[in-house]
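Each chain gets a letter, A, B and so on, in the order its sequence line appears, and its residues count up from 1.
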Amino acid sequence: MLLSEVVETSTAVAATRSRLAKRAALARALRSAPPDEVATVVSYLSGSLRQRRTGIGWAAHEVTAPAAATGTLEVADVDAAFERISALSGAGSRDARRDALAALLRQATAVEQDFLWRLVTEELRQGALDGVMLDAVAEAFDVPVPAVRRVAMLLGSTAAAAEVAREGQPAVDAVGLVVGVPVRPMLAGTAPHLTAALAKAAPGGDDVVVDRKLDGIRIQAHRDGDVVQLFTRSLDDITDRLPEAVEVVASLPADRVVLDGEAIVLRPDGRPAPFQVTAARTASRVDVAELRSRAPVATVFFDVLHVDGRDLLEQPLRDRLHELSALVPEAHRVPAVRVSSTQDAQSFFDATIASGHEGVIVKALSSPYDAGRRGSAWVKVKPRHTLDLVVLAAEWGHGRRSGRLSNLHLAARDAADGSCVMLGKTFKGLTDALLTWQTEQLLALEIRRTRSTVFVRPELVVEIAFDGVQTSSRYPGGVALRFARVLRYRDDKTADDADNIETVLALHDAPS
DNA sequence: GTCTTTTTCTCTC
DNA sequence: ATCTGACCGATTCGG
DNA sequence: CCGAATCGGTCAGATGAGAGAAAAAGAC
């Protein structure tokens with residue numbers, strides 16, 4: 001299949017805002033793709049290359065090449081080119097990658113070059129990604145959407161699901177969980193407080209379990225006999241980085257098992273280490289033995305998807321938890337309670353926060369393991385902090401925010417001298433109306449600008465919600481806000497009324 | 001030529 | 001990660 | 001009973017923080 005056909009489809013998809021029309025256009029392209037190219041076409045038309053890492057990013061935009069007059073590039077050639085590029089490493093590999101990229105771009109027309117850049121940078125912006133593509137696969141090959149969703153979950157990608165779907169429903173139905181092949185993890189929705197979470201997860205007052213939410217990294221463990229593998233939320237294999245988790249899985253009284261859980265570094269007193277400590281530990285690939293002795297990870301599980309030949313994905317959580325408690329000792333299970341009242345849930349939440357943990361996840365006991373979407377069977381609740389901060393600057397937005405000032409630079413006050421201490425940036429929580437309003441206000445306060453940023457007199461005060469304060473080497477106060485988002489502007493406050501840096505530092509739990 | 005610092009990318013949340 | 005706006009199917013409302 | 005308004009579930013897109021690894025660039 002020609003790349004130009006894919007690009008034409010993408011253009012058609014981008015041209016309409018209707019999801020049904022996008023789906024129809026995508027389905028048409030999938031039907032005309034040859035069998036061995038379906039997976040690549042699905043990948044490209046949902047905004048991703050097939051290669052997980054290419055070593056090419058924003059900096060490679062320096063690379064330019066004259067455009068070809070006619071589109072003769074085949075999808076398979078593009079995939080092969082990126083396969084070669086992603087295999088390059090060692091000294092001089094950056095230039096080798098850029099040369100290979102330039103060679104590819106020379107074969108592409110101007111519109112194809114643009115499409116390839118958007119693929120490489122993961123910014124296709126055609127209004128359809130994996131979710132719409134999944135519907136399109138179902139339409140193209142006349143298979144029910146839930147069946148396609150199920151296969152995409154089991155095989156870990158919609159591209160792999162499409163290869164099966166094109167063979168028809170019997171092939172789709174024959175797919176089961178394979179121990180060793182990571183499953184897309186089930187995700188949780190969010191709620192502002194417990195009452196809302198309970199209403200969302202158990203609308204009819206159904207039974208729920210409340211899990212402690214640990215601030216570590218998600219781990220999916222597969223064991224087939226002596227072979228244990230660990231995967232992250234994005235299905236990266238990190239088996240070699242967490243030997244202590246491997247040992248836990250290897251010690252379980254089952255031969256073949258798939259578990260879902262969390263790895264987290266705990267302090268000697270059992271309280272959680274700051275997230276940065278767990279993140280650094282789980283990201284390190286060298287000297288794992290040494291790191292293990294300094295920052296051992298605790299491994300705890302909260303779900304089980306397979307035990308000795310039995311797939312449990314479609315079983316209700318109630319039954320899966322029964323299997324989990326029979327298989328995994330309590331020390332390696334996430335603390336959880338079954339609650340019959342909001343008060344019980346609240347006291348578990350309060351105790352969880354008091355012990356230093358992140359929050360809770362409310363789960364409907366009747367729900368199957370439904371991966372890939374952020375449904376309402378699991379709902380997370382975390383406490384929220386707020387501060388009134390001064391706006392120091394704002395950056396021009398991109399895409400649907402272009403022409404408006406979007407990303408705000410935020411600062412607390414230093415009471416000693418009235419100066420401002422920057423704590424981070426945020427673009428979240430802004431409505432279109434606020435975006436327009438703040439652009440006008442900030443331009444009136446402008447003192448200087450760079451290409452991307454407008455700096456202003458520090459007079460506007462904005463109320464910011466955030467999850468916590470973390471150690472920072474980038475910002476002058478040595479701390480930064482985690483997940484900052486705008487709640488509202490404080491027209492009633494001046495910069496002198498904004499919160500002080502001391503207030504922020506008091507919330508900081510320094511790593512030990 | 002070797003060691004240190006900076007940049008870029010990829011990953012977690 | 002969080003958040004807003006948009007799309008769409010289902011349910012409720014107005015006449 | 002039919003079309004319009006409203007609601008709830010999802011999706012896309014805009015862009016945050018830090019840390020490690022690898023390669024490039026700088027210092028001498």
Side-chain angles (χ1 to χ4, degrees), chain A residues 14 16-23 46-47 52-60 88-97 120-135 187-190 200 203 213-219 232-234 236 238 241 262-264 274-287 291 358 372-376 380 382 384 395 397-402 404 406-410 423-435 464-475 479-487 511:
Chain A
T16 174
R17 290 209 307 201
S18 160
R19 282 206 207 134
L20 295 176
K22 289 176 192 289
R23 184 179 86 188
S46 54
R52 190 179 175 117
R53 56 167 75 197
T54 57
I56 295 173
W58 277 101
L88 292 167
S89 67
S93 62
R94 189 190 72 170
D95 287 344
R97 267 194 291 269
V120 164
T121 53
E122 296 272 318
E123 295 200 336
L124 189 56
R125 300 187 213 205
Q126 63 177 14
L129 293 172
D130 199 56
V132 175
M133 178 54 83
L134 199 132
D135 288 349
L187 304 175
T190 57
K200 202 169 169 182
K213 186 179 192 310
L214 307 179
D215 194 9
I217 75 154
R218 188 88 176 258
I219 290 292
T232 64
R233 198 184 109 147
S234 68
D236 231 14
I238 58 161
R241 297 179 223 165
E262 197 88 1
I264 181 172
F275 174 73
Q276 285 156 302
V277 174
T278 294
R281 170 62 216 276
T282 55
S284 300
R285 273 159 276 213
V286 297
D287 262 343
L291 283 167
E358 190 185 15
R373 51 179 177 177
R374 208 171 279 279
S376 53
K380 65 182 155 194
K382 297 191 271 187
R384 191 189 77 171
E395 296 171 14
H398 297 91
R400 54 173 278 111
R401 289 190 174 189
S402 58
R404 289 189 289 188
S406 171
N407 202 4
L408 301 172
H409 295 198
L410 306 166
L423 292 172
K425 308 180 196 176
T426 188
F427 57 94
K428 294 168 182 161
L430 295 161
T431 62
D432 286 357
L434 255 189
L435 232 28
I464 297 294
F466 60 101
D467 278 17
V469 176
Q470 60 192 344
T471 304
S472 171
S473 55
R474 172 182 316 192
Y475 290 112
V479 291
L481 303 182
R482 196 161 173 217
F483 308 140
R485 58 264 192 196
V486 172
L487 291 180

Requested in this report: Give A/Ala280 one of three labels, base, sugar-phosphate or nothing, depending on what nucleic acid heavy atoms sit under 4.0 Å from its own.
Outcome: sugar-phosphate
Query raised in the report: Within the pair A/Ser234 and B/dT12, is there a side-chain N or O less than 4.0 Å away from OP1 or OP2?
Result: yes
Report task. Respond yes when some side-chain nitrogen or oxygen of A/Ser472 is under 4.0 Å from OP1 or OP2 of D/dG18, and no when none is. Result -> yes
Report summary line: Residue pair A/Arg17/A/Leu487 against DNA chain C: nearer the 5' end by closest nucleotide is A/Leu487
Report task. Apply side-chain contact (heavy atoms from CB on, under 4.5 Å) to A/Leu129 and list each qualifying residue two or more places apart in sequence or on a separate chain. Result -> none
Report task. Show your reasoning for whether side-chain contact (heavy atoms from CB on, under 4.5 Å) applies to A/Leu410 and A/Thr426. Result -> CA-CA 8 Å; A/Leu410 306 166; A/Thr426 188; 3.7 Å; yes
Query raised in the report: Is any side-chain nitrogen or oxygen of A/Asn407 closer than 4.0 Å to OP1 or OP2 of D/dG16?
Result: yes
Query raised in the report: Just how far, in rounded Å, is P of D/dA19 from CZ of A/Arg241?
Result: 16 Å
**Report entry** Candidate list A/Lys428, A/Arg485, A/Arg384, test salt bridge (Lys or Arg N to Asp or Glu O under 4.0 Å), partner A/Asp467, passing option
**Finding:** A/Arg485
Query raised in the report: Within this structure, what is the CG-to-C1' distance between A/Leu88 and B/dT10, rounded to whole angstrom?
Result: 17 Å
Report task. Drop me the distance from A/Ile219's CD1 to A/Ile264's CD1, to the nearest 0.5 angstrom. Result -> 11.5 Å
Query raised in the report: Does a side-chain N or O from A/Lys380 land closer than 4.0 Å to OP1 or OP2 of C/dT2, or not?
Result: yes
Query - Touch class at under 4.0 angstrom, heavy-atom based, for A/Tyr475 against every strand present - result: sugar-phosphate
Query raised in the report: Would you say D/dG20 has OP1 or OP2 under 4.0 Å from some side-chain N or O of A/Arg285?
Result: no
**Report entry** Selected nucleotide, minimal atom distance to A/Ser93 side chain, candidates C/dC8, C/dT2, D/dA23
**Finding:** D/dA23
Query raised in the report: Does A/Arg485 make a side-chain N or O approach to OP1 or OP2 of C/dT4 shorter than 4.0 Å?
Result: no
Query raised in the report: So what does A/Val132 hit on the nucleic acid, given a heavy-atom distance under 4.0 Å: a base, only sugar-phosphate, or nothing?
Result: sugar-phosphate
Requested in this report: Ignoring the backbone of A/Gln276, work out which of B/dT12, D/dA23, D/dA19 is nearest its side chain.
Outcome: D/dA19
Report task. For A/Ala480, answer base if it contacts any base atom (sugar-phosphate contacts may also be present), sugar-phosphate if it contacts only those atoms, and nothing otherwise; contact means non-hydrogen atoms under 4.0 Å. Result -> sugar-phosphate
Report summary line: Comparing A/Lys382 with A/Arg19, nearest DNA chain C nucleotide closer to 5' gives the residue A/Lys382
Report task. Count the heavy atoms belonging to other residues, nucleotides or ligands that lie under 6.0 Å from CZ of A/Arg218, then report whether that count exceeds 12. Result -> yes
Report task. Assign A/Ala465 to base, sugar-phosphate, or nothing according to its heavy-atom contacts below 4.0 angstrom with the strands shown. Result -> nothing
Report summary line: Quick note, A/Asp236 side chain, CB onward, closest among D/dG18, D/dA12, B/dT12 is B/dT12
Report summary line: Ranking A/Lys200 and A/Arg401 by the position along DNA chain D of their nearest nucleotide, the one closer to 5' is A/Lys200
Query raised in the report: Which one, D/dA19, D/dA12, D/dA17, comes nearest to the side chain of A/Leu129?
Result: D/dA12
Query raised in the report: With a 4.0 Å cut-off, would you call A/Asp236 and A/Arg52 a salt bridge?
Result: yes
Requested in this report: State whether A/Ser406 places a side-chain N or O below 4.0 Å from either non-bridging phosphate oxygen (OP1 or OP2) of D/dT15.
Outcome: yes
Query raised in the report: Taking only side-chain nitrogens and oxygens of A/Arg125, does any of them come within less than 4.0 Å of OP1 or OP2 of D/dA14?
Result: yes
Query raised in the report: Which nucleotides of nucleotides 3-9 of chain B have their base under 4.0 Å from a protein heavy atom (B), which only their sugar-phosphate (S), and which neither (-), written as one string 5' to 3'?
Result: -----SS
Requested in this report: Could you walk me through whether A/Asp432 and A/Arg404 pass side-chain contact (heavy atoms from CB on, under 4.5 Å), step by step?
Outcome: CA-CA 10 Å; A/Asp432 286 357; A/Arg404 289 189 289 188; 4.0 Å; yes
Report task. Describe the nucleic acid contact of A/Thr278 in one word from base, sugar-phosphate, nothing, applying a heavy-atom distance below 4.0 Å. Result -> nothing
Requested in this report: Could you tell me the separation between the CZ atom of A/Arg400 and the C1' atom of C/dA6, rounded to a whole number of Å?
Outcome: 8 Å
Query raised in the report: With sugar-phosphate meaning primed atoms plus P, OP1 and OP2, does A/Ser284 contact a base, only sugar-phosphate, or nothing at under 4.0 Å between heavy atoms?
Result: sugar-phosphate
Requested in this report: Using whole Å, report how far CG of A/Leu187 lies from C1' of B/dC13.
Outcome: 13 Å
Report task. Kindly say if A/Ser18 contacts the phosphate of C/dC8, meaning a side-chain N or O under 4.0 Å from OP1 or OP2. Result -> yes
**Report entry** Phosphate OP1/OP2 of D/dG13 contacted by A/His398 side-chain N/O (<4.0 Å)
**Finding:** no
Report task. Measure from the side-chain N and O atoms of A/Arg401 to the backbone N and O of A/Leu435, and report whether any donor-acceptor pair falls under 3.5 Å. Result -> no
Query raised in the report: Does A/Thr232 place a side-chain N or O at less than 4.0 Å from the phosphate oxygens OP1/OP2 of B/dT12?
Result: yes
Query - Closest-nucleotide 5' rank along DNA chain D - winner of A/Phe483 and A/Ala128 - result: A/Ala128
Requested in this report: Looking at every strand, decide which applies to A/Gln126 at a 4.0 Å heavy-atom threshold: base, sugar-phosphate, or nothing.
Outcome: sugar-phosphate
